Amino acid sequence: MRAASRFAVILLGSAGSLALGCRATIPDDTFACTTDEQCPDGFRCAGGFCNRTPGVMDAGGVDAALDAGPALDADPFDGGEADGAPRDASADAGSHADGGGTERSMAECSDGVDNDDDGRTDCADPECCDSGACTAGVLACECPAIGDRTVIDVRGTVPAGTEWACDHLYHLEGVVNVEGGDLTVHPGTLVRAGRGAGLFIERDARLLALGTAARPIHFTSAEPEGARAPGDWHGLFVFGQAPINDPSGSSVIPGFPADIVAYGGTDPTHDCGRIEYVNITFGGQDQNVNLALIACGTRTEVHYVHTAHSADTNVYVGGGTVTMDHVTSWASRDEGFLYSEGWVGSAQFLFVGAAGGAGIRGRTSFVDAGRLPYSTPAIWNATVTNSVVAGVELLSGGGIHMGNSIVAGVMGGGACFAPDATSAPRIPADLDLRHSILWSCGGTMGLGSGAGALGDAGVYANRFVDPVLNVGTPPPGSPATTGATTPPAGLDATTYLGAFTPAPAGTNDWSDGWADYRPN
């Protein structure tokens, strides 16, 4: 069992400071930084925040930076490719051998059935690479070294039916859009984006980003390691046709071609695609985001997605009904997780750490707090730590149904849970917090002035105790190991609070090994 994590956190009793790892306390006024000297031992200043330095040993001799993920032992972004590596000057429109995946049973790899609904059957499916049912050489299961991959420049419109795989390295230039069909990205694929680049999946298209724990997909900056920074590119935008609360029923994003970024419709089940085991880092150029899911519906699948180091927001959900699970947001310059435009979906097992603004910020609209439907997502089993402005902040009519969660450690003295005057009157119809722990935040019991009723432990069963988060997971004896309640239909029941299974049961950090938390 691997006990290490990229975000070791222990919360202490003082509301004025909290300790990361077991080595040093970060005062409120030095969590944001401009030089390494402002950070404690074992951290460096990167992207405006103190980030853990690879190789530093945490308590118990555990390397809390890059200890062991099979995909992260070596740098997945810089494999020593020669400057003169072959480069194709046109966007890749064809199919390539897949990048491999995790093992499936022999029965599933020889039954003539597409068991995982990815459009591939038996030995044509990268999930079957390691199965004895598939003879050697049927698939190119192993990803080549970075330096052995042909670099493909991608610009303009990507044709429907395009497949990207890890035998190539994809370099995005400018606004790249997908229209009228699927873009399939296979396990182990690396996509680098230059300044001014962004990937836009139009509302009549789908993104099938099919990574695995052993071979995650990476969307990141085209800058070399050591020079990557928040805001190096715009980010990944996925648009759909599910309802939003704009009276016109649709909207666009200023600054980009209207036909590419149009979104919204009348289909609450709309399918934006499938995103699984994917890293998205160093986006947010011009106040954009690492990942935007806008007007996506219930048939959209989002599992095991890691976002980090955005110059603005890491994850934005705009309207729609999309649900997601096992999602991380790390070291954003502003919000870690932002939603608006009438989102009524759900998120479970959500980790938000080191947000420069609020950890989670919810709005109903950016222009009208009275628009219907209100944004009222169900967010359960969230762990929100080390944000600067607030833990969970609700503005402009934003609502939330939140439970079995931990919100702790607001560096700037803000509240753990803070609805504003436009949101607070709707307790509990559109806004409630229950069976959760709040700790080391400002305000009365960590609650903002609009949320006082939620402090009634008899009704909402919230607790104001130290969750003692150790290496990202509650250790034995932590109050977070008990006290859960039954979540809404469709979400998983747990006996614990927060995003991670308490120690010592199994591998507690589900992001370990595939999510890249490195500061540069």
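Since we're looking at a predicted model, the values are computed, not measured. As a basis for the values below, the full set of heavy atoms in this structure was taken, side chains included, without hydrogen atoms, waters or symmetry mates.
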So, for Ile217 and Gly188, which heavy atoms are closest and what is the spacing to 0.1 Å? CG1-N, 4.2 Å
So Phe200 and Phe256, would you call those rings parallel, tilted or perpendicular, with 30° and 60° as cut-offs? tilted
Report yes or no: does Ser329 contribute a side-chain atom to a donor-acceptor pair with the main-chain N or O of Val352 at less than 3.5 Å? no
Where does the angle between the aromatic ring planes of Trp343 and Phe337 fall among parallel (under 30°), tilted (30 to 60°) and perpendicular (over 60°)? tilted
As a test of understanding, state which of Ser375, Ser396, Ser423, Ser340 forms a side-chain hydrogen bond (donor to acceptor under 3.5 Å, both in side chains) with Arg363. Ser396
Arg371 and Asp246, any side-chain heavy atoms less than 4.5 Å apart: yes
Check: Asn279/Thr281 side-chain N/O donor and acceptor closer than 3.5 Å: no
Assess whether side chain to side chain contact (heavy atoms under 4.5 Å, CB included) is satisfied between Thr328 and Tyr517, documenting all intermediate values. CA-CA 10 Å; Thr328 72; Tyr517 288 86; 3.7 Å; yes
List the atom of Thr481, the atom of Pro474, and the distance in Å for their closest heavy-atom pair. CG2-CB, 4.1 Å
Kindly say whether Val389 contributes a backbone atom to a donor-acceptor pair with the side chain of Ser387 at under 3.5 angstrom? no
Please check if the side chain of Arg333 supplies one atom and the backbone of Pro230 the other of a donor-acceptor pair under 3.5 Å. no
Check: Ala382 main-chain N/O paired with Ser405 side-chain donor or acceptor under 3.5 Å: yes
Rounded to the nearest 0.5 Å, the OG atom of Ser221 sits from the CH2 atom of Trp233 at a distance of 9.0 Å
For the pair Ile379 and Val392, evaluate side chain to side chain contact (heavy atoms under 4.5 Å, CB included) and give the outcome as yes or no after the intermediate values. CA-CA 11 Å; Ile379 297 182; Val392 178; over 6 Å; no
Describe, in one word, how the ring planes of Phe366 and Tyr316 are oriented to each other, choosing from parallel (under 30°), tilted (30 to 60°) and perpendicular (over 60°). tilted
Is the shortest heavy-atom distance from the side chain of Ile400 to the side chain of Tyr339 under 4.5 Å? yes
Does the side chain of Trp164 come within less than 4.5 Å of Val191's, by heavy atoms? yes
Taking all atoms of both residues into account, what is the closest heavy-atom pair of Gly409 and Cys441, and its distance? N-SG, 3.9 Å
Any side-chain heavy-atom pair from Pro467 and Leu497 closer than 4.5 angstrom? no
Verify side-chain hydrogen bond (donor to acceptor under 3.5 Å, both in side chains) between Asn290 and Thr307, making sure each step is shown before the conclusion. CA-CA 7 Å; Asn290 271 327; Thr307 63; 5.0 Å; no
Is there a side-chain contact between Leu210 and Glu276 in this structure, where contact means two heavy atoms from C-beta onward sitting under 4.5 Å apart? no
Short question: side chain of Trp380, backbone of Ala493 - any donor-acceptor pair under 3.5 Å? no
Does Ala229 offer a backbone N or O that forms a donor-acceptor pair with the side chain of Asp232 under 3.5 Å? yes
Between Thr321 and Thr298 (side chain of the first, backbone of the second, donor and acceptor by atom type, cut-off under 3.5 Å), is there such a pair? yes
Nearest 0.5 Å please: distance from the CD1 atom of Ile280 over to the NE2 atom of His218. 11.5 Å
So which atom in Val317 and which in Met324 form the shortest heavy-atom distance, rounded to 0.1 Å? CG2-CE, 3.7 Å
Polar contact flag, side-chain donor to acceptor under 3.5 angstrom, Gln348-Asn381: yes
Has Tyr170 got a side-chain atom pairing as donor or acceptor with Ala165's backbone, closer than 3.5 angstrom? yes
When rounded to the nearest 0.5 angstrom, what distance separates CG in Leu293 from OH in Tyr263? 13.0 Å
Rounded to the nearest 0.5 angstrom, the OH-CG distance for Tyr460 and Asp432 is 6.5 Å
Mind running side-chain hydrogen bond (donor to acceptor under 3.5 Å, both in side chains) on Thr184 and Asp182 for me, showing each step along the way? CA-CA 6 Å; Thr184 302; Asp182 295 347; 5.2 Å; no
When you check the side-chain N and O atoms of Asn404 and His435, is any donor under 3.5 Å from an acceptor? no
Any donor-acceptor N/O pair, Asn462 side chain to Leu454 backbone, under 3.5 Å: yes
Atom pair SG/CG of Cys272 and Leu207 - distance to nearest 0.5 Å: 9.5 Å
Can you check whether Leu438 reaches Met445 side chain to side chain, under 4.5 Å on heavy atoms? no
Among side-chain atoms of Asn177 and Glu202, is any donor-acceptor pair under 3.5 angstrom? yes
Side chains of Ile360 and Leu350: does their closest heavy-atom pair fall under 4.5 Å? yes
Is it the case that Ser332 and Ser310 place a side-chain donor and acceptor less than 3.5 Å from each other? no
N/O donor-acceptor pair under 3.5 Å between His186 side chain and Cys166 backbone: no
Show, in sequence, the C-alpha distance, side-chain angles and deciding distance for Thr212 and Trp514, and conclude whether the side chain to side chain contact (heavy atoms under 4.5 Å, CB included) test is met. CA-CA 8 Å; Thr212 68; Trp514 63 271; over 6 Å; no
Just so I know, are the side chains of Phe500 and Ile406 near enough to count as touching, which here means a heavy-atom distance under 4.5 Å? no
Side chains of Thr313 and Glu335, donor plus acceptor under 3.5 Å: yes
What is the minimum heavy-atom distance between Leu491 and Ser346, and which atoms define it? CD2-OG, 3.7 Å
Nearest heavy-atom pair of Ala160 and Glu179: which atoms, and what distance? CB-O, 3.8 Å
Nearest 0.5 Å, what's the OG1-CG distance between Thr422 and Leu395? 7.0 Å
Dump the intermediate steps for side chain to side chain contact (heavy atoms under 4.5 Å, CB included) on Tyr374 and Asn245, then the final yes or no. CA-CA 8 Å; Tyr374 295 122; Asn245 62 14; over 6 Å; no
